[in-house]
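Worksheet for the structure shown next.
Side chains are part of it too, since the values below use all heavy atoms of this structure and drop only hydrogens, waters and symmetry mates.
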Amino acid sequence: NRIITEERSVQVSVDGQVPEGWELGAISLDMPEMEISGGSSLVALVDHLEAKLTVEEGVTSYSAMLAITPVDEEGIALEQEWVSVQASLLATKTVELEVRYEGEEGEDLVVSAQAPETIIIKGEPSVLEEIDSIQTQPVDLSAVTENGTRQLELVLPRGTELSSRQKAPQISFQVDQVTEKTFTVN
């Protein structure tokens, strides 16, 4: 069993309970990948490396050196045993979703659209306080010629992002053909 060196991704897991109404924002690592060394059969079993971030009540910003561990394996020599992590908790807020439209329905077509009424965003509390609704990029009705679903493009204010609990919002279209008939009545 020869000794080899390979790179594996570093993933941060959260230990502790994130308070209600908050969620983890973007996590930055000084080393998103690290080299591991060991016997080829053991290195092959390591999926990724894990760093545990402990979340504490009342703390919303973290900067720490965290120990890293190969997942589910022992006996792997790590080239580096610590990783520097910066993370923050962001508040979440449910806001109204305003779908904007442009263009005209095609001739002889009636387009019905259905989209979510609200979405969940996250950001710093002071930023979210000022936001009651989020708009979409305009949806071009002239391009809608058949039933279907499309992803909506959000216009998110600086300092906000879609919550990880929120699926990307979509709009569904129902297109009906309008036919006109003329009857002569005697």
Side-chain angles (χ1 to χ4, degrees), residues 6-36 38 42-100 114-137 139 149-172:
E6 291 185 358
E7 283 197 350
R8 292 293 188 268
S9 66
V10 177
Q11 298 177 10
V12 178
S13 65
V14 176
D15 190 28
Q17 186 65 37
V18 175
E20 181 71 28
W22 293 81
E23 66 180 53
L24 204 53
I27 296 175
S28 93
L29 301 167
D30 66 339
M31 296 180 69
E33 291 190 340
M34 298 181 95
E35 288 187 345
I36 59 173
L42 290 176
V43 169
L45 296 174
V46 177
D47 178 60
H48 65 277
L49 304 172
E50 184 176 85
K52 268 199 192 330
L53 175 65
T54 302
V55 175
E56 299 173 13
E57 184 74 32
V59 180
T60 59
S61 185
Y62 297 88
S63 182
M65 292 293 287
L66 301 177
I68 55 175
T69 311
V71 174
D72 294 334
E73 289 304 315
E74 295 179 33
I76 302 296
L78 298 175
E79 189 162 295
Q80 188 141 355
E81 297 179 357
W82 298 88
V83 64
S84 175
V85 175
Q86 282 80 41
S88 60
L89 291 182
L90 300 174
T92 59
K93 183 176 182 180
T94 301
V95 296
E96 182 181 338
L97 179 61
E98 295 178 18
V99 180
R100 296 181 5 209
Q114 233 183 333
E117 293 180 9
T118 61
I119 60 169
I120 304 170
I121 58 172
K122 64 183 173 183
E124 293 294 329
S126 60
V127 173
L128 293 183
E129 190 175 283
E130 305 295 319
I131 301 170
D132 293 317
S133 64
I134 297 292
Q135 291 186 337
T136 65
Q137 292 288 348
V139 175
T149 302
R150 294 187 189 159
Q151 188 163 320
L152 289 167
E153 293 182 44
L154 303 175
V155 180
L156 291 166
R158 173 173 271 145
T160 66
E161 56 189 276
L162 197 59
S163 167
S164 57
R165 293 183 289 153
Q166 174 72 55
K167 290 181 183 174
Q170 295 188 330
I171 187 166
S172 299

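- Considering OG1 of T149 and CD of Q170, their distance stands at 6.0 Å, rounded to 0.5 Å.
- Two residues are said to be in side-chain contact when any heavy atoms from C-beta on lie closer than 4.5 Å; L89 and L24 meet this criterion.
- Summarising the geometry, atom CG belonging to L152 is positioned 5.0 Å from atom CD1 belonging to I171; distances are rounded to the nearest 0.5 Å.
- Side chain of Q166 to backbone of I119: no donor-acceptor contact under 3.5 angstrom is found.
- Here CD1 of I131 is found 4.5 Å from CD1 of I121. Values are rounded to the nearest 0.5 Å.
- T92 places a side-chain N or O within donor-acceptor distance of the main-chain N or O of G21, the cut-off being under 3.5 Å.
- Within the 3.5 Å criterion, the main-chain N or O of V43 finds no donor-acceptor partner in the side chain of E6.
- With hydrogens and angles ignored, the 3.5 Å screen pairs a side-chain donor or acceptor of T136 with a backbone N or O of R100.
- In terms of modelled atom types and a separation under 3.5 Å, the side chain of K93 and the main chain of G123 share no donor-acceptor contact.
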Steps toward side chain to side chain contact (heavy atoms under 4.5 Å, CB included) verdict (K122, E161): CA-CA 6 Å; K122 64 183 173 183; E161 56 189 276; 3.3 Å; yes
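- Proximity of V55 to Y62: side-chain heavy atoms (C-beta onward) are separated by under 4.5 Å at one or more points.
- Remark: Q151 CD to K167 NZ distance equals 12.0 Å, nearest 0.5 Å.
- Side-chain contact between W22 and P125 is present, with heavy atoms from C-beta onward closer than 4.5 Å.
- Between the side chain of R8 and the backbone N or O of V46, at least one donor-acceptor pair lies under 3.5 Å.
- Distance check: H48 NE2 to S9 OG gives 6.5 Å after rounding to the nearest 0.5 Å.
- Distance CG/L49 to CD1/I36: 6.0 Å, rounded to 0.5 Å.
- Side-chain contact between L97 and T118: absent, with no pair of heavy atoms (C-beta onward) separated by less than 4.5 Å.
- Counted within 6.0 Å of CD on Q137, heavy atoms from surrounding residues, nucleotides or ligands total more than 12; the atom is thus considered enclosed.
- Inter-residue side-chain proximity for P157 and V127 is flagged as unmet; no heavy-atom pair is nearer than 4.5 Å.
- Side-chain atoms of E98 and S133 include a donor-acceptor pair closer than 3.5 Å.
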